[in-house]
Amino acid sequence: MKAAQHPEEAAKFVANDARAHWHDQALWFVREKRDRMAVSLPEWEELRNTASQIKLHTVSRMADYLEEFERNATKLGAVVHWAKDADEHNQIVLSLLQKIGAKHIVKSKSMLTEECHLNPFLQEHGIEVVDTDLGERIVQLRDEAPSHIVLPAIHIKKEEVSETFHEHLHTEAGNNDPNYLTEAARNHLREKFVAADAGITGVNFAIAETGGLVVCTNEGNADLGVSLPKLHIACLGIEKLVPKAADLSVFLRLLARSATGQPITTYSSHFHGPRPGGELHIILVDNGRSNLMGSSQFRNSLKCIRCGACMNTCPVYRRSGGHSYGTTVPGPIGSILAPSRDSKQHKSLPFACTLCGSCTDVCPVKIDLHHELLEWRGEIRKRGQLPMSKTVPMKLTSWMMQSPWLFRFVGAVGRWFLRHLPRWAIYHGLNPWGKQREMPEAPKQSFRELYQIHESKKASDE
Amino acid sequence: MSSRDQILKSIRNQIVAAVDHPGLAGDWIRYDDRVAHFSSVLAAVGGVAHVVDSSEQILAQLKQVPAFAAGKKIVSLCAEVAGNVDFAAVEDPHQLEDVDFAVLPAQFAVAENGAVWVDDADVKHRVIYFIPQHLSFIVPAPANAADAIVDNMHQAYERLSFGEPRFGAFISGPSKTADIEQSLVIGAHGARSLNVFFLRQ
């Protein structure tokens with residue numbers, strides 16, 4: 001498979017200038033809502049520190065907490081499964097569904113099942129999977145992937161939603177009213193909820209102390225999805241664990257405020273064991289997570305609670321769109337997680353970053369995102385995965401800078417060329433810097449010359 | 001080796017420095033007027049709070065809600081309001097598909113985020129929190145409505161214990177979505193409206 005290259009994909013997105021600006025504004029609006037919520041709590045920084053420490057503590061004792069969780073969940077009557085990778089996860093889900101002959105499944109938003117490509121897998125086996133979060137349903141009907149982990153359809157305009165719904169749900173052509181479209185989706189999805197044989201959910205938090213699961217939604221789709229059919233399958237990345245129920249006080253205060261600027265999600269549901277007469281199966285999924293634990297550089301990324309704040313604030317994400325990252329989790333955190341799974345495939349992502357540090361500033365669990373992105377660049381160089389377009393100019397520059405006379409000479413030639421050559425000789429394929437911006441105006445003198453003039457003036461003045 | 005053992009072994013093989021749990025003691029936010037703060041946060045997320053002294057007052061308020069006045073199928077699990085569905089006799093939760101209005105008990109409320117806590121201790125089908133078109137909660141309050149409201153989530157979890165009952169949720173306002181161009185739409189899958197009554201006793 002050809003490695004996904006962020007710059008090429010981003011170029012497609014920014015080709016539509018108006019749309020790129022619209023996308024930027026939509027996310028900035030969410031970022032501002034997050035800021036208002038953060039300042040509404042005087043203890044915001046203390047919450048971030050506490051959350052960060054709880055997560056680090058959990059990672060440092062992950063195996064013990066997983067065993068504790070398994071013990072307590074089993075005691076409550078849930079069945080706990082372990083999956084080392086995506087394939088095993090999908091096989092477990094399939095076998096559970098086949099056991100009861102399930103044909104129609106409702107799923108609530110779960111980035112883990114996206115990561116495992118569960119939907120196409122189940123569809124190949126003749127099982128219908130309906131994503132029930134409105135944004136997820138929109139992208140599913142359009143045969144696209146979510147472009148954001150919290151706002152899956154942030155890249156789609158209401159006119160396009162209207163067209164999609166007209167085609168699939170037979171809504172009025174040209175009716176772009178979000179109220180009307182949401183009502184249509186509500187009625188369509190109610191039918192799916194009522195007819196479902198099983199419900200699949202992701203998990204926001206799992207509690208070692210109690211064996212319980214917490215799922216947060218604004219729409220109530222996870223709850224409707226698992227309260228009607230008898231079988232609930234919960235897919236859980238092992239990093240979602242917290243030690244104690246009381247720890248949730250910290251995380252539920254941070255999650256929605258950081259994600260969408262709400263004080264809390266509408267529904268924060270706590271599941272402890274199956275409902276009477278029902279079955280609860282919990283699949284603990286590793287899929288590369290345990291490898292990150294031992295890495296002192298990248299371990300912090302396991303603290304992520306998937307709020308999406310880093311995406312909303314990232315100047316690159318906002319202007320290049322989630323799909324340009326070519327990963328389930330895009331944006332700053334995705335650019336750390338994806339190369340940890342396959343650095344060759346995702347080598348361009350750590351470079352999709354200006355190192356402005358805004359992601360690190362907003363992260364509710366204090367992941368040092370921009371530091372890790374910089375670390376990844378070095379790691380990719382060490383692994384010999386940098387493209388020649390980056391290595392060759394670097395080598396040349398390094399060679400030139402090691403020789404003072406050559407540096408002075410190239411500087412003088414460069415300034416002369418910039419002033420005298422025609423545009424076509426400067427702006428071409430070999431100068432990627434000039435692709436989207438003007439080259440700087442060439443100064444009359446180099447810094448060295450200016451310095452010498454200044455020094456000689458000072459000497460003559462004395 | 002089973003996947004379970006492989007995963008646990010892979011984790012135990014990593015060298016990770018021990019980090020202590022930071023503890024949860026903190027100078028967490030409190031509000032001078034919890035009722036006022038709860039009401040304004042709930043209003044901001046699309047719900048309405050009322051402080052009442054009697055079931056007559058609840059009924060008078062509910063009658064002003066068109067969905068209640070016109071509701072054909074009403075579930076009430078609160079003695080203060082009469083419903084017309086024998087909830088205990090419902091065997092299959094799918095039978096609740098067409099409930100227009102539900103009046104349900106809630107345990108307590110949280111000022112900082114406008115949420116109420118509900119559980120399934122006396123609620124046979126938990127879907128009743130999610131499937132009705134409209135929803136109201138009655139929160140029993142001692143003499144003062146503020147006694148039924150905690151300031152923040154830390155106090156909320158101090159009041160909770162888990163395991164039995166098996167399901168519980170913080171619910172803050174009616175169901176909502178902003179997935180179409182960030183336009184807030186109330187009534188995604190669950191309740192289209194939410195009223196919270198603090199009943200002083």
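Chain letters run A, B, ... following the sequence lines, proteins first, then strands; residues in each count from 1. Everything numeric here is computed off the predicted structure, so don't read it as measured data.
Checking A:His148 against A:Asn312 by side-chain atom types alone, a donor-acceptor pair falls below 3.5 Å. Using modelled atom types and a 3.5 Å distance limit, the side chains of A:Ser290 and B:Gln14 yield no donor-acceptor pair. Side-chain atoms of A:Tyr267 and B:His189 include no donor-acceptor pair closer than 3.5 Å.
Proximity to chain A among residues 34-50 of chain B is limited to B:Val41, B:Val45, judged by heavy-atom separations below 4.5 angstrom.
For the pair B:Asp5 (side chain) and B:Met1 (backbone), a donor-acceptor distance under 3.5 Å is absent. Between the side chain of A:Asp286 and the backbone N or O of B:Ile7 there is no donor-acceptor pair closer than 3.5 Å. Although no hydrogens or angles enter the test, the distance criterion places a donor-acceptor pair under 3.5 Å between the side chain of B:Ser175 and the main chain of B:Gly190. With hydrogens and angles disregarded, no donor-acceptor distance shorter than 3.5 Å links the side chain of A:His270 to the backbone of A:Gly212.
In this structure, chain B has heavy atoms under 4.5 Å from both the backbone and the side chain of A:Arg275. Interface residue A:Glu183: only side-chain heavy atoms are found under 4.5 Å from chain B. Only the side chain of B:Asn152 comes within contact range of chain A, judged by heavy atoms closer than 4.5 Å. For a residue to count as touching a neighbouring chain, one of its non-hydrogen atoms must lie under 4.5 Å from one of that chain's; by this rule A:Glu219 touches chain B with backbone and side chain alike. Neither the backbone nor the side chain of A:Asn176 comes within contact range of chain B; no heavy atom of the residue lies under 4.5 Å from a heavy atom of that chain. Neither the backbone nor the side chain of A:Arg289 comes within contact range of chain B, judged by heavy atoms closer than 4.5 Å. Interface remark: A:Leu252 contributes side-chain atoms only to the contact with chain B (heavy atom separation under 4.5 Å). Heavy atoms of B:Phe170 lying under 4.5 Å from chain A belong to its backbone as well as its side chain. For chain B, the nearby part of A:Leu189 is the side chain; its heavy atoms alone come within less than 4.5 Å. If you measure heavy-atom distances from A:Glu160 to chain B, you find no contacts under 4.5 Å at all. Heavy atoms closer than 4.5 Å to chain B are found in the side chain of A:Leu66, but not in its backbone. Using a 4.5 Å cut-off between heavy atoms, B:Ala178 does not touch chain A at all. If you measure heavy-atom distances from A:Ser40 to chain B, the contacts under 4.5 Å come from the backbone alone. Only the backbone of A:Thr265 comes within contact range of chain B, judged by heavy atoms closer than 4.5 Å. A:Ala83 touches chain B through its backbone: at least one of N, CA, C or O sits under 4.5 Å from a heavy atom, while the side chain does not. Contacts of A:Pro274 with chain B are made by both backbone and side-chain atoms, with heavy-atom separations under 4.5 Å.
Using a 4.5 Å cut-off on side-chain heavy atoms (C-beta onward), B:Pro22 and A:Ile54 make contact.
The environment of A:Lys244 atom NZ is sparse: at most 12 non-hydrogen atoms of other residues, nucleotides or ligands sit within 6.0 angstrom. Heavy atoms of other residues, nucleotides or ligands lying less than 6.0 angstrom from CG of B:Asp86 number more than 12. A 6.0 Å sphere centred on NZ of A:Lys230 holds no more than 12 heavy atoms belonging to other residues, nucleotides or ligands.
With sequence neighbours left out, the side chain to side chain donor-acceptor pair (under 3.5 Å) criterion links B:Glu181 to no other residue.
Of the listed residues (A:Leu76, A:Val226, A:Val161), the greatest number of heavy-atom pairs within a distance under 4.5 Å of chain B belongs to A:Leu76. For the options A:Gly220, A:Pro276, A:Ala246, A:Gly211, heavy-atom pairs under 4.5 Å to chain B are most numerous at A:Ala246. Chain B forms more heavy-atom pairs under 4.5 Å with one residue of A:Lys84, A:Gln262, A:Arg61 than with any other, namely A:Lys84. Counting heavy-atom pairs under 4.5 Å between each of A:Leu228, A:Thr210, A:Leu181 and chain B puts A:Leu228 at the top. The choice from B:Ile131, B:Leu194, B:Ile15 that makes the most heavy-atom pairs within less than 4.5 Å of chain A is B:Ile131. By number of non-hydrogen pairs under 4.5 angstrom with chain A, the leading residue of B:Ser10, B:Gly114, B:Gly23, B:Ala115 is B:Ser10. The candidate with the highest count of non-hydrogen atom pairs below 4.5 Å against chain B, out of A:Asp247, A:Asn187, A:Val215, is A:Asp247. Among the candidates B:Gln6, B:Lys124, B:His125, B:Gln155, the residue making the largest number of heavy-atom pairs closer than 4.5 Å to chain A is B:Gln6. In terms of heavy-atom pairs under 4.5 Å with chain B, the best-connected choice from A:Ile207, A:Asp85, A:Asp64 is A:Asp64.
The ring of A:His188 has its center no closer than 6.0 angstrom to the ring center of A:Phe165.
With B:Arg200 as the fixed residue, the side chain to side chain donor-acceptor pair (under 3.5 Å) test singles out one of B:Asp53, B:Asp147, B:Asn144: B:Asp53. Under the side chain to side chain contact (heavy atoms under 4.5 Å, CB included) rule, B:Phe101 has a single partner from B:Val81, B:Val75, B:Val65, which is B:Val65.
Counting all heavy atoms, side chain and backbone alike, B:Met153 lies closest to A:Ser249 at O-CB, 3.5 Å. Closest heavy-atom contact between A:Glu46 and B:Gly26: OE2-CA, 3.6 Å.
Salt bridge B:Lys73/B:Asp100: absent, no basic N to carboxylate O contact under 4.0 Å.
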